[in-house]
Amino acid sequence: METFKLKIDDRQINAGGGDTVLQAALKAGIYIPNLCYDPRLAPYGGCRMCIVEIEGTRGFPAACTTRASDGMVVKTYGPQLDRLRLDTLELLLSDHPTDCLTCPGNQRCELQKVASFLGYNQRSLKPRKSDHPIDDSNPFFNLDRNYCVLCARCVRTCDEVTGINAIELINRGDESRVSTFAGSRLAESECRSCGECMVSCPVGAIHAKNSPVATEETATICPYCGVGCGIYLGTRQGKIVSVRGNEASPSNRGSLCVKGRFGINEFVHHSERLKSPRVKKEGGFESAEWEEALRIAGDKLSGYKPEEVAVIASAKATNEDNYVLQKFTRAVLGTNNIDHCARL
Ligand code: SF4
Ligand code: SF4
Ligand code: SF4
Ligand code: FES
């Protein structure tokens, strides 16, 4: 890959072919405030937070939509830049709630980070209260447009990452908002509940219904299907409380489907989860030891002809276990009646 040098804030840095000024700066550890930037998405240039000065260029281009080039000289701060950014932030915050402590995005909110970086500490515009109804129709996350900063990351993620296009930015100016087709609630829309939009949302506008903060994370693999997505299981006091995609995993590069993202916590800790084999006794099922259950299954199976038996393998088992099961079915039970569910 072609590499070249440019100067950002008097620091000589290396950049790679295709890097934008924002990417080159972030890679070199230089923070430029940004809100609508998501490395997974095509450059957008909507929030105007990442404006910079570039020697020989008029105005204040957005660093996220400007390609870095050899010999470029960039300034990321200065009296005019700081003033313009603060004015943009002021407009953004003019109808934004200020209850940060009770906001579901608290502590992971990128707007807080930008405001704190810019030293924002006083409103100069009269606040306007927005009172959009919360869409809580989705079982896993809410859409609260009152917190929305219209960065379109959710919309672009639903298009560019998932390809579903369930949501869109509609209307203009004050009336702009995230909407589904025909304005239906999320649960009645094309939305597949994957939560990718929620992950991309930089504020608390799209937030999980239940999201206690994990105190520990363990890298593992989603157990639900053969794709084998890399995940981080977040735990707190011995219980799984969150799941996030592992961006370093080649199977999914951080993305997850609804099962992997929202189907693990409740399943693992569900009060009705089967934790031991069950044997039918006098009309009802009772828990049994593995030894007893296997003996009963063995006795029953030996009483059937091969063509009367069928076996279903599981995507939740390892490849090795599934291999042994098909071998057992064919070689011991004497039947080819074996199938497999790759999608649980
Ligand atoms: S949950 Fe997935 S499908 Fe639904 S709107 Fe968000 S990104 Fe689109
Ligand atoms: S809901 Fe979140 S991601 Fe979507 S436009 Fe609003 S702030 Fe951006
Ligand atoms: S169930 Fe979904 S998240 Fe889990 S491995 Fe399959 S595709 Fe990935
Ligand atoms: S991050 Fe560049 S314009 Fe929003």
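Both counts, for ligands and for their atoms, begin at 1 and track the order of listing. Predicted, not measured: the structure shown is a model, and the values here were computed from it.
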- request: Look at ligand 1 and say whether I164 reaches it with a heavy atom at a distance under 4.0 Å.
  value: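 Under 4.0 Å: yes for I164.
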Distance-only polar pair, side chains of [X] and [Y], donor-acceptor under 3.5 Å:
X    : Y    : value
S176 : N171 : no
S249 : N252 : yes
D144 : N142 : no
N14  : T3   : no

Under 4.0 Å to a heavy atom of [X] - the qualifying atoms of ligand 3, by number:
X    : result
C257 : 1 (S), 2 (Fe), 3 (S), 7 (S)
G228 : 5 (S)
C222 : 1 (S), 3 (S), 4 (Fe), 5 (S)
L256 : 3 (S)
Y224 : 1 (S)

For ligand 4, which atoms sit closer than 4.0 Å to a heavy atom of [X]?
X   : result
G45 : 3 (S)
N34 : 1 (S)
C64 : 1 (S), 2 (Fe), 3 (S)
G46 : 3 (S)
Y37 : 1 (S)

message: I'd like to check which ligand 1 atoms, numbered from 1 as shown, lie under 4.0 Å from a non-hydrogen atom of F141.
response: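 Once the distances to F141 are compared, the set is 1 (S).
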query: Numbering the atoms of ligand 1 from 1, which are under 4.0 Å from a heavy atom of S193?
result: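 So the answer, numbered in order with elements, is 1 (S), 4 (Fe).
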query: How open is the angle at atom 4 (Fe) of ligand 4 from atom SG of C47 over to atom SG of C36, rounded to 10 degrees?
result: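 It rounds to 120°.
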Output yes when a side-chain donor or acceptor of [X] lies under 3.5 Å from a complementary backbone atom of [Y], and no otherwise.
X    : Y    : answer
D95  : K129 : no
E168 : T180 : no
R48  : L84  : no

Winner among [options] once heavy atoms are compared against [atom]:
atom                    : options                : value
atom 4 (Fe) of ligand 1 : C154, C191, G163       : C191
atom 7 (S) of ligand 3  : G263, P223, S255, C225 : C225
atom 3 (S) of ligand 1  : M198, R192, R261       : R192

Starting from [atom], what is the nearest protein heavy atom, named by residue and atom, and what distance separates them?
atom                    : answer
atom 3 (S) of ligand 4  : R48 N, 3.2 Å
atom 1 (S) of ligand 1  : G195 N, 3.2 Å
atom 6 (Fe) of ligand 1 : C197 SG, 2.3 Å
atom 5 (S) of ligand 3  : C229 N, 3.3 Å
atom 2 (Fe) of ligand 1 : C194 SG, 2.3 Å

message: For Y31 and F117: C-alpha separation, side-chain torsions, deciding distance, then whether ring pair (Phe, Tyr, Trp, His ring centres under 6.0 Å) applies.
response: CA-CA 9 Å; Y31 176 67; F117 182 84; 4.8 Å; yes
Heavy-atom side-chain proximity of [X] to [Y] below 4.5 angstrom:
X    : Y    : value
P61  : I54  : yes
R156 : D159 : no
E196 : S255 : yes

- prompt: Is R261 close enough and on-axis enough to F140, meaning under 6.0 Å and within 45°, for cation-pi?
  reply: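 Pair R261/F140 does not count as cation-pi.
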- prompt: Which is it for L35 and ligand 4 at heavy atoms under 4.0 Å: side chain, backbone, both or neither?
  reply: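 Backbone only.
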query: Hey, mind stepping through E217 and R244 against salt bridge (charged side-chain N to carboxylate O under 4.0 Å, His left out) and telling me if it holds?
result: CA-CA 9 Å; E217 277 196 328; R244 70 177 176 95; 2.9 Å; yes
message: Using 2.8 Å as the threshold, say whether any N, O or S atom from C158 sits that close to atom 2 (Fe) of ligand 1.
response: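 Coordinating: no.
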query: Is it true that D19 and K27 have a side-chain N and a carboxylate O under 4.0 angstrom from each other?
result: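 Here D19 pairs with K27 in a salt bridge, since their nearest N and O are under 4.0 Å apart.
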